[in-house]
Structure formats: structure tokens, C-alpha cells
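Worksheet for the structure shown next.
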Amino acid sequence: MKSTARGQSYGVKGAPYAHPSPTTTLKRARSAPYFFLVPATGLFALFFALPIGYALWLSFRKVKVSGLGLGSGARKEVWAGLENYTDALSDSELLHGALRVLGYGCIVVPVMLGLALLFALMLDSEKVRLAPVTRLAIFLPYAVPGVVAALLWGFLYLPDVSPFHYVLDRLGMPQPDLLDGGPLYLALSNIAVWGGTGFNMIVIYTSLQAIPAEVYEAAKLDGATPTQIALRIKIPMVAPSLVLTFFFSIIATLQVYNEPTTLKPLTNSVSTTWSPLMKVYRDAFGEGDIYGAAAQAVIIAFATLLLSFGFLRAVNRRQKQEDAR
């Protein structure tokens with residue numbers, strides 16, 4: 001393309017080149033972001049929305065067997081309505097699994113977030129030394145895959161191979177079996193706390209680093225001690241990060257699967273239905289009841305969604321009340 005002295009543009013073959021109008025340019029500029037969203041939207045629809053829709057469809061279906069179930073038309077998929085949901089809600093194993101996960105979450109969430117907040121405050125202190133190394137050491141367990149971490153801790157729990165049991169035996173002290181009975185909750189919670197504290201610590205620590213230094217200087221001029229600064233300034237200002245980490249922790253707790261599944265071959269105390277997701281897996285791939293498993297999965301997803309948004313709604317309501325004051 002070339003231009004003449006009067007500013008008229010011509011194409012390669014000498015034909016006049018028409019410049020796009022301002023309206024066309026504006027439309028292209030407004031539509032450009034949507035083109036960048038196409039890959040992410042396609043992947044979301046393919047690997048997230050489509051499986052959810054298919055599970056929802058299966059939850060309303062069932063197999064009707066005619067006669068002895070032999071032949072080409074003996075087994076037919078038919079509409080089941082809410083039958084799978086009523087069976088799932090009346091299943092005692094699913095209820096017991098939910099109660100076990102509730103007890104597990106009552107241990108994991110407070111301890112994990114408490115340690116994450118404590119470590120973040122310690123790393124944000126002016127007197128801390130080797131902060132980068134310490135921060136990496138705390139975060140490093142999060143980089144270990146959950147299955148690998150559960151397997152490592154499982155062998156540390158086994159009395160026959162655990163170095164802790166060997167030391168306790170040499171000292172003549174009692175050797176608790178962490179894979180049986182009530183201590184099993186502590187053993188599973190320890191794996192989750194060990195792996196998740198580092199991630200939550202980084203989130204809280206990042207929020208602490210965003211607080212302006214002038215706030216700390218003003219507090220020191222008023223005579224505030226480091227403990228008072230932490231309790232009255234730092235923690236209230238990182239409250240949104242605490243809410244976010246609590247929100248993610250609730251979702252992760254309701255979806256616990258890796259830890260009990262990995263420890264199951266090491267102990268008889270972990271059943272195939274210890275958690276709701278383990279029961280879904282057993283029903284779908286162990287017993288072949290994909291329709292009932294789909295209904296259970298939808299119920300678990302709905303419960304997770306309900307609890308999460310209920311928590312966020314309560315936090316937002318409290319925040320509005322505080323702002324109104």
C-alpha cells in the first residue's frame with residue numbers, strides 16, 4: 001500500500017484503499033476481548049460445564065430390566081424422575097460419610113487457618129530472619145501432590161515401619177495406633193494441615209505486604225506494641241483474605257478423597273464409604289450404579305454450593321452492618 005500527496009491510500013494493485021470508519025474501529029475494539037475469552041470458555045464448557053450437565057442428566061435416569069436381563073432389548077435406560085435423589089438422601093452410608101467429613105473439617109479448617117495466620121504474622125515481623133527461606137519451607141509441602149503426601153504420612157503412621165514408633169519403643173513409652181479409631185481423624189487431619197497451611201499462609205502474607213507502611217508508623221507513634229499492631233491492625237485488615245481462605249478450605253474439606261483413599265490399604269478403619277466422594281466412586285465404578293452415583297454427586301455439589309454461598313452471604317451481611325455503624 002502507498003499514499004499520494006493528498007493522503008489517498010492505494011493497495012498493492014493500485015486500487016484505492018478504504019480506511020475503516022470510526023464506528024467499525026470501535027466495534028472491533030469492543031469485540032476484541034471476547035475473542036480472547038473463546039479458548040477459556042471452550043475449555044470450561046468442554047471439561048466443566050459439559051460433565052456437570054451429563055451427570056445431571058444421568059441422575060434422572062435408571063436402567064429398566066425386562067425378564068432375565070438377557071438379549072438386546074432386555075436392559076433399557078428410562079426416565080427415573082427423583083427416584084435416585086430419594087434413594088441417595090435416605091442412604092445411611094452417605095449420611096454417615098457426611099458426618100465423618102464434618103468432624104474432619106472441624107479439626108482441619110481451624111488448625112490450618114490458625115497456623116497459616118500465625119506463620120504469616122511471624123514472617124511479616126520486622127525481626128524475622130531468613131524470611132525467603134522460611135517462607136519457602138512453609139510453602140513447600142503444598143507443592144507435594146496429595147496422594148504422595150498421604151502415602152508418605154501413611155508409612156510414618158504404620159507401627160512396623162514408623163521411625164516414631166521405634167523411638168517410642170526404645171524410650172519405653174506407649175505407641176498409639178493413629179490408623180485406628182478416633183486417632184484416625186487426627187492422622188487424616190494432620191496430612192491436610194501439613195499440605196494446605198503453606199498455600200493459605202502465602203495468601204494471607206501477600207495481603208499483609210499490601211498494607212501501607214504509614215499505618216504501622218502511625219501505630220508506633222501512638223505507642224502500640226507489635227502484639228497490639230498484629231491484633232488490632234493486621235488481622236482486621238487481612239480479614240478479606242481470611243474469608244477467602246476459609247471459603248476455599250470449606251470446599252476442599254467437603255471434597256476430601258485423596259487422604260482416606262490412600263490410607264485405606266493400610267488400615268481396616270477406612271471403609272470404601274468413609275467420605276461422600278468415596279461412596280460416589282464405589283457406587284459408580286465398583287457397583288456399576290452410575291445413575292445413583294450421579295445423583296449423589298449432584299447432591300454433594302449442591303450442598304457445597306449452598307454452604308459456600310451461605311457463608312459468603314453471612315460475611316457480606318456482617319460487613320454491611322459494620323459499615324453502617
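- F119 and F199 end up in the same hydrophobic cluster when Ile, Leu, Val, Met, Phe, Trp and Tyr side chains are linked at under 4.5 Å.
- Here the side chains of M112 and T245 are not in contact, with every heavy-atom distance at 4.5 Å or above.
- Side-chain contact between D169 and H165: absent, with no pair of heavy atoms (C-beta onward) separated by less than 4.5 Å.
- With T267 contributing its side chain and K264 its backbone, the two residues share no donor-acceptor pair below 3.5 Å.
- Within a 6.0 Å sphere centred on CZ of F247, other residues, nucleotides and ligands contribute more than 12 heavy atoms.
- Side-chain atoms of T304 and S308, non-hydrogen and from C-beta on, do get closer than 4.5 Å to each other.
- In terms of hydrophobic clustering, with Ile, Leu, Val, Met, Phe, Trp and Tyr side chains grouped at heavy-atom distances under 4.5 Å, V270 and L94 are assigned to different clusters.
- Closest of all the heavy-atom pairs between A297 and V280 is N-CG2, 4.1 Å.
- For D222, the CG atom is densely surrounded, since the number of other residues' heavy atoms within 6.0 Å is greater than 12.
- Here F48 sits in one hydrophobic cluster together with F44, I52; the rule is ILVMFWY side chains under 4.5 Å apart, joined directly or through other members.
- The shortest side-chain heavy-atom distance between P176 and L168 falls under the 4.5 Å cut-off.
- Closest non-hydrogen pair, P265 versus T261, comes out as CD-O, 3.5 Å.
- Taken to the nearest 0.5 Å, the CD atom of E287 stands 7.5 Å off from the NZ atom of K279.
- The distance from the CG atom of N316 to the CZ atom of F309 is 11.0 Å, given to the nearest 0.5 Å.
- Using a 4.5 Å heavy-atom threshold, the side chains of T262 and I191 count as separate.
- Side-chain N/O atoms of Y85 and S59 include a donor and acceptor closer than 3.5 Å.
- For S162 (side chain) and P159 (main-chain N/O), no donor-acceptor pair under 3.5 Å exists by modelled atom type.
- One hydrophobic cluster, built from ILVMFWY side chains closer than 4.5 Å, holds both L56 and L89.
- Residue V101 comes nearest to S275 through the heavy atom pair CG2-CB, 3.8 Å, listed as atom of the first residue, atom of the second, then distance.
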request  = With side-chain contact (heavy atoms from CB on, under 4.5 Å) as the test, would you mind laying out the steps for L186 and L178 before giving the verdict?
outcome  = CA-CA 8 Å; L186 299 178; L178 297 177; 5.6 Å; no

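- Side-chain atoms of L123 and M201, non-hydrogen and from C-beta on, do get closer than 4.5 Å to each other.
- Counting non-hydrogen atoms of other residues, nucleotides and ligands closer than 6.0 Å to CZ of F139 gives a total above 12.
- Heavy atoms only, all atoms of each residue included: V243 and V315 are closest at CG2-CG1, 3.9 Å.
- In the displayed structure, Y54 atom OH is contacted under 6.0 Å by at most 12 heavy atoms of other residues, nucleotides or ligands.
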request  = In sequence, state the C-alpha distance, the side-chain angles, and the governing distance for W194 and L152, and then conclude on side-chain contact (heavy atoms from CB on, under 4.5 Å).
outcome  = CA-CA 12 Å; W194 181 79; L152 292 175; 5.6 Å; no

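- The distance from atom CG of L115 to atom CD1 of I138, rounded to the nearest 0.5 Å, is 9.5 Å.
- Scanning both residues, W274 and Y185, for their nearest heavy atoms gives CZ2-CE2, 4.0 Å.
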message = L82 vs F60, test: side-chain contact (heavy atoms from CB on, under 4.5 Å). Steps then yes/no.
response = CA-CA 6 Å; L82 299 178; F60 292 102; 3.7 Å; yes

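- With rounding to the nearest 0.5 Å, the separation of OG in S241 from CG in L113 is 11.5 Å.
- Both V144 and L156 belong to a single network of hydrophobic side chains, linked directly or stepwise wherever heavy atoms of I, L, V, M, F, W or Y lie under 4.5 Å apart.
- The CG atom of L140 lies 13.5 Å from the CZ atom of R135; values are rounded to the nearest 0.5 Å.
- Looking at S269 and D180, their side chains do bring a donor and an acceptor atom within 3.5 Å of each other.
- L254 contributes atom CG, which lies 8.0 Å from atom CD1 of I251 (distance to the nearest 0.5 angstrom).
- I300 and F302 fall into different hydrophobic clusters, where Ile, Leu, Val, Met, Phe, Trp and Tyr residues are linked whenever their side-chain heavy atoms come under 4.5 Å apart, directly or through other members.
- The two residues Q296 and A88 make their nearest non-hydrogen contact at CG-CB, 3.7 Å.
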task = Just do the side-chain contact (heavy atoms from CB on, under 4.5 Å) check on S189 and Y104 with the steps written out, would you?
result = CA-CA 6 Å; S189 301; Y104 165 84; 3.8 Å; yes

